[in-house]
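Inspection log for the structure reproduced underneath, given as structure tokens.
Naming: A, B, ... by sequence-line order, numbering from 1 per chain.
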Amino acid sequence: MEENEYDFRRLEAKWAPIWESERPFDVNDSEVAADAPRKYILDMFPYPSGDLHMGHAEVYALGDVLARYWRLRGHTVLHPIGWDSFGLPAENAAIKRGVDPREWTYDNIAQQRASMKRYAASFDWSRVLHTSDPEYYKWNQWLFLQMFDKGLAYRKDSWVNWDPVDQTVLANEQVLPDGTSERSGAMVVKKKLTQWYFRITDYAERLLNDLDRLEGAWPAKVLTMQRNWIGKSVGAEVAFAIEGSDRTIPVFTTRPDTLFGATFMVVAPDADLASELVSEADAATRLEFQNYLTDVQKKTEIERQDATREKTGVFLGRYAINPVNGERLPIYAADYVLADYGFGAIMAVPAHDQRDLDFARTFGLPVRVVVQPAGDDIVDPAESGTPITGDGPHVNSGPLDGLNKADAIAAMIEVLEANGTGSAKTTYRLRDWLISRQRFWGTPIPIIHGADGAEIPVPEADLPVLLPSTEGLDLKPKGSSPLGGATEWVSVADPRDGSPALRDADTMDTFVDSSWYFLRFLSANDPTKAFDVEAVRQWAPVDQYVGGVEHAILHLLYARFITKVLHDLGYLDFDEPFESLLNQGMVILDGAKMSKSKGNIVFFGDEIDKFGVDAVRLTMAFAGPPEDDIDWADVSVTGSHKFLARAWRVAHDVASAAGTNPAGGSAGLRRVTHRFLADVNGLVESYKFNVVIARLMDLVNHVRKEIDSGAGAADPAVREAAEVVALALSMFAPHAAEDMWEVLGHERFVGLQTFPVSDPSLLTETSVVAIVQINGKVKERLEVSPDISDEDLRAAALAAPAIVSALADASPKTVIVKAPKFVNIVL
RNA sequence: GCCCCAAUAGCCCAACCGGCAGAGGCAGACGACUUAAAAUCGUCACAGUCAGGGUUCGAAUCCCUGUUGGGGCACCA
């Protein structure tokens, strides 16, 4: 192929080695001026399973647009990349093939890294990290110890989510709404196990409140999902005495004002409380309860969550005492009450709660109305089956009678507090983050268990606790960590006195790894600390984060949490990690998600081979708004390729010398060029990459026209336009843009240039077309000066022959004038 | 069931504070170049904005109702 034809293969072969050796996008902190404007642009790092796919192609194309944009705006941009390389797929692959997970992982990383280089994203390759490197996970262990020290990492015995396929526990966040594992797809079962937790619930209120600060900078959808997940609810805690017992049952309610309407009490069958209460009942009741509990535990999550199914439960043979009126309330166990929310027990107010009403109607329990909204058609809930949930004056409620809901709630809390039987209380749906996993390929938990049961942190000097060799180790999931089988590794001396002790054999959830990696990038090669506080001060928080919405809750919530913890520990002076967030959509095909089983996969490598890196990247950005899915069947990579060829040819046609003063060039073309410059910032910053490209195409069309039929290739305005095209195109198609820049006679690198400033004096038109309407219908177009006054335009419109004849002798009622564009004559 | 978002040309998508529905692309038709084709260049056509109602001098844009599609939540006391 000749050198004057656009050939993406030649351009890729030419520029890749130059970028590789010159490293234009590496950031050396010692060379960045203290007052240089900086941007930290971060793309979610990949998990190394196989080669890159089209989803990666999209994130890294879009992230790179933003990174390159900020360089064009004169910022020093940090744009790092690494690999999230611990995790189950490596381990499962290793088991299947009998190899070390390390091998599988680092082979995949090598492959992805090569593809990533070929993709020419402007990454700083000097800061690459892999979370499975001891140099990285050492600091994971350090983080764990910091949290352990503050009581934020702890072990407890609890019902946990167990994935029977992967044979490990899961965090709540990893269980899908249908009760399956987001990893293996298996139906998750509950198991009672002792596990490590991070105390994220301590941060629930801040995690919720600080979402307000992200309003507008994060997608509204993500904010909503996080708010839902945290699930704050405000109400009161009420203690019920139990007849024949010294203990009380605390319950949480959002409606303490309805306490006089409580007619029974329900505890979760799988809560310890239920067993405790029933233990003193008669044998028949105990047996009935046992059978019920067994039934409940056999239910899948889907069955259990079906709100439409008939309420079930058993009477426990015990009574609670209503603290405000002394009434005896029978206590039931029923599975519509959850063991791990609130206190695992509720007061039931059937008149005002659908679930309680359903239960009461099934079991023939009394229903007492205590809120009576105005209106004749209020039917007894016991009859209608519909509870009264609206506001209204309270009745049958002693001191609360006549009060509305808000006042009654406040009054009731006062009563409870005065009696010492309750208080205001807020609960959250969010539970503590279960971080231990019974698998090999993760960060070992740096704890030693003494013979006396003490949990002893591994001394910081002994970090990292390295994963043992897989030699002779059975990685097959068997319900306990494979590390437990590494006898030599597990057996250690107690740091306190040298007596025999055991290492904790579990590894950490890989979401721990990714919860702080953005900090590690800032000093990725520093062996002495997790992150450098000075570098953090310079770069963090992340200005722009780019990645998939599938991490809306998990990763983003955890990263926010860990950031706040590190803030509180004094390491960070900010407490939100990501200032703004862009969620890109998915790449799909023919309306469906690509999947191996459906065989509708578009392969990254194939597309790049066929059309070139630039065309694929351009297509990703041009397809539509970034948050929308891209149907690969709807886009034209060929079209992108054609445009790149067209743009590239324009640079070749330019006949003026580099440095030519554009003044005096075609005013029309200069106006288009400067309009583009005036608009490009706002467009990129509002993520309208597709519009930027459309405008760029428009600009190229104008230059083409100018070259072919206007003032010609020597017009300095043509050079000016071609240079702007090269600069702007560098955000999307770096090879083509870099080559254009060279052809235009400039020193490399186009990606390190800055946009010229738009000259406002070039933007104004010499004349504009004003439309004249009569009753909203366009009747005439007038060519007028752009700075015409309302009065002059009005006069011109009324004097226009077409208007005069259209009006005949009708006289206008109103004339609305918006100079210089618009006149509407209303009759 | 509840909440949120969307719907513009055959297709992907633009349209600022309400002011001529079109920036760009794909697909299409025609023409130039060519022995021919590809490539390239040029020209053209195509919708009245999901439906119905309202506000307004004027609505794709604001409000209401509905339809369709997408997403989130859902026995959380």
So, does [X] get its side chain near the phosphate of [N], meaning an N or O under 4.0 Å from OP1 or OP2?
{"X": "A/Arg227", "N": "B/G72", "answer": "no"}
{"X": "A/Lys688", "N": "B/A15", "answer": "yes"}
{"X": "A/Ser233", "N": "B/A77", "answer": "yes"}
{"X": "A/Arg649", "N": "B/C41", "answer": "yes"}

Side chain of A/Met697 only, please: which of B/C26, B/G25, B/C13 is the nearest? B/G25
Write down the distance separating the P atoms in B/U61 and B/C50, rounded off to the nearest Å. 8 Å
Considering only heavy atoms and no angle criterion, is a donor-acceptor pair shorter than 3.5 Å present between the side chain of A/Arg781 and the base of B/C20? yes
Students often get this wrong, so: under 4.0 angstrom with heavy atoms, is A/Gln354 touching a base, only sugar-phosphate, or nothing? nothing
Counting any heavy atom closer than 4.0 Å, what does A/Thr224 reach on the DNA or RNA strands: base, sugar-phosphate only, or nothing? nothing
Scanning all shown strands, the Watson-Crick or wobble mate of B/U8 with both distances under 3.5 Å is none
Complementary nucleotide of B/G22, counting Watson-Crick and G-U pairs under 3.5 Å: B/C13
Mind running a 4.0 Å heavy-atom check of residues 676-685 of chain A against RNA chain B and sending the residues that fall below it, in number order? none
